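Below is one structure; the comments refer to it alone.
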Amino acid sequence: MIVLLVAIFHLQCRNPSEIIILDIYSNNDSEMASSQGVSLASKFQGAIVGAVFGDCLGAKFEYFWGPMPNKPVVKYYETLINEVRSQKDGEKGFVFYTDDTCMTFDLGESLVKCKEFVPRDVARNFGETYFAAPSQRYYGANVGFIFRSTKVNDYRNPFNPAKEQFNGSGSYGNGSAMRVSPVPLFHHKDKVKIAELASHQSKLTHTNPKGINGAILQALAIEKAMTTEGIRDSVAFARELMTDLENVTTTKEELDVYDEKMKIVIKLIEQKTEVKAEDVINGGIKTDVTAHEAVPAAIFCFLYTLNEKNIPELSKFNGLVRAVIYAAAISLDSDTVASMAGAIAGAYYGIEMIPPEWIEACEGSDRALKLADGLYKLHKNNKEAV
Ligand code: F2R
Ligand code: MG
Ligand code: MG
């Protein structure tokens with residue numbers, strides 16, 4: 001009987017679980033991730049809240065404007081910061097998030113609740129969130145078909161519909177990379193497991209090798225940012241990341257396209273003059289809705305903005321804010337590239353670098369903090385159990 005109940009729980013995983021909120025500022029117990037004095041708990045929070053921050057900021061510009069200068073994004077960002085400052089009883093969460101954040105919560109909250117990847121539970125979360133507001137969150141053009149198909153038999157065969165997308169070739173949209181930030185936190189310090197889970201969760205919606213490898217590369221970038229102390233050599237970081245992908249992915253097709261894009265990332269980092277949106281596009285990274293364009297773009301934005309001198313117009317902001325503003329500006333798929341750059345930058349700099357005004361302004365900040373703390377608690381418990 002007990003065995004049966006456990007089996008049903010794992011299959012369904014519908015019981016609410018408790019997530020204890022950690023106070024990172026007073027938690028003496030928190031594990032330090034680097035000599036820079038940023039705790040691991042702060043980096044976990046930075047990764048998830050950074051992803052939400054990028055989505056909320058970038059959503060204003062997604063596809064409407066095309067790639068553009070930094071100025072309109074800076075203006076929008078500062079207007080919102082001032083709006084929060086001028087409020088007495090601040091209205092919270094008035095800048096809305098999109099599908100990127102919906103699916104990050106759907107995946108991450110299932111991992112925390114189930115303590116493992118339960119595909120049916122994640123698929124159910126995806127479906128329920130989508131059907132609650134299919135149009136307001138600006139989902140990708142094709143995922144609605146998957147959710148409608150999986151819902152028909154109560155999410156029992158969650159992997160089948162994705163395989164049929166695009167005449168059986170599967171989607172290479174960036175949708176399974178944009179939501180992947182909980183994965184490197186769930187399997188922190190284990191690149192093989194990170195790659196396995198990034199791939200597995202991708203296959204619920206994106207089965208094309210380019211889509212799968214995009215999700216793995218984004219997950220590895222977050223992990224590497226979280227575990228690297230003071231990045232001094234961005235080119236080495238980019239090269240090592242590509243080697244990591246080649247070593248740990250079991251999807252060996254379509255790696256060439258990532259190799260080619262990461263070489264362009266390196267070329268752009270080494271460019272002597274300031275890299276503008278048109279340099280990125282003309283250089284060969286389209287920054288669009290596909291995984292192989294958007295993920296390398298996000299990695300580039302993080303690495304290029306490490307040096308405050310690279311973009312004088314953004315030098316008054318800290319590194320995390322620079323990465324997110326720059327990503328929203330140079331990208332066609334602004335919300336998604338900014339969200340992915342925000343996740344990588346948040347994992348590197350920690351939550352302290354996300355301005356409190358923005359945490360107030362952005363819808364979903366509290367939920368993002370709670371998710372990050374849930375993942376951190378799992379990490380601590382797993383470590384203690386070893
Ligand atoms: N949907 C959007 N933005 C639309 C613009 C909204 C704007 N605010 C407005 O109102 O105009 N954003 C969200 O979608 C992206 C994630 O998409 P996802 O989930 O990957 O979708 P999909 O449909 O699977 O793939 C996206 C496109 O990629 C091309 N594609 C993918 N696989 C293909 C294949 N095998 N062959 C040919 N083409 C393929 C298609 O054009 C797909 O439509 C994020 O930006 C998120 O923010
Ligand atoms: Mg979106
Ligand atoms: Mg987008």
Side-chain angles (χ1 to χ4, degrees), residues 51-68 73 76 95-107 122-123 125-127 129-130 133-150 159 161-181 198 201-218 251 253-254 257 285-298 301 324 327-343 362-364 368:
V52 179
F53 171 27
D55 181 18
C56 289
L57 185 83
K60 166 94 176 158
F61 305 96
E62 189 190 21
Y63 277 87
F64 289 122
W65 302 60
M68 57 187 185
V73 187
Y76 175 63
V95 188
F96 297 122
Y97 61 70
T98 74
D99 57 336
D100 307 57
T101 298
C102 292
M103 297 184 92
T104 301
F105 287 157
D106 291 338
L107 172 63
V122 177
N125 280 356
F126 285 165
T129 308
Y130 174 79
S135 57
Q136 284 115 298
R137 300 297 186 179
Y138 303 111
Y139 279 84
N142 298 284
V143 283
F145 164 82
I146 296 176
F147 303 144
R148 277 187 290 279
S149 300
T150 44
F159 290 106
K163 292 181 203 157
E164 290 163 24
Q165 296 263 287
F166 297 95
N167 297 320
S169 63
S171 176
Y172 52 65
N174 57 29
S176 67
M178 73 187 184
R179 65 177 185 238
V180 85
S181 52
Q201 67 80 32
S202 178
K203 289 177 186 168
L204 285 170
T205 50
H206 295 68
T207 62
N208 189 287
K210 283 189 255 191
I212 294 169
N213 279 325
I216 298 174
L217 182 60
Q218 171 65 10
T251 302
E253 307 99 298
E254 303 286 5
V257 69
I285 299 181
K286 290 200 208 84
T287 70
D288 69 13
V289 76
T290 60
H292 48 290
E293 302 290 349
V295 175
C301 291
V324 169
I330 65 149
S331 305
L332 199 57
D333 192 356
S334 307
D335 65 330
T336 303
V337 179
S339 177
M340 293 193 292
C362 191
E363 180 196 15

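Indexing begins at 1, ligand by ligand and atom by atom, following the structure's order. These numbers come from a predicted model, not from an experiment. When reading the values below, keep in mind they use all heavy atoms of this one structure, side chains included, and skip hydrogens, waters and symmetry mates.
Of the listed residues (Ile212, Asn208, Asn213), just one forms a side-chain contact (heavy atoms from CB on, under 4.5 Å) with Lys210, and that residue is Asn208. The side-chain hydrogen bond (donor to acceptor under 3.5 Å, both in side chains) test with Thr336 singles out one residue from Asp100, Asp288, Thr287, and that residue is Asp100. Among Thr104, Thr205, Asp106, the single residue meeting the side-chain hydrogen bond (donor to acceptor under 3.5 Å, both in side chains) criterion with Arg179 is Thr205.
At a 4.0 Å heavy-atom cut-off, the residues surrounding ligand 1 are Glu62, Phe64, Asp99, Asp100, Tyr138, Tyr139, Gly140, Ala141, Asn142, Val143, Phe166, Ser169, Gly170, Ser171, Tyr172, Gly173, Asn174, Gly175, Met178, His206, Val289, Asp333, Asp335, Thr336, listed by chain and number.
Take a cut-off of 2.8 Å around the Mg ion (ligand 2): the protein N, O or S atoms inside it are Thr98 OG1, Asp99 OD1, Asp100 OD1, Asp335 OD2.
A donor-acceptor distance shorter than 3.5 angstrom exists from the side chain of Ser334 to the backbone of Ser331, with no hydrogens or angles considered. Checked by atom type and distance alone, the side chain of Asp55 pairs as donor or acceptor with a backbone atom of Thr101 at under 3.5 Å.
Salt bridge annotation for Glu62-Arg137: absent, with no cationic side-chain nitrogen under 4.0 angstrom from a carboxylate oxygen.
Under the 6.0 Å cut-off for aromatic ring centres, Tyr97 and Phe105 qualify, their centroids lying closer than that.
Taking the six-membered ring where tryptophan is involved, the planes of Tyr130 and Phe147 are tilted, since the angle between them lies from 30° to 60°.
The shortest distance between side-chain heavy atoms of His292 and Glu254 does not fall below 4.5 Å.
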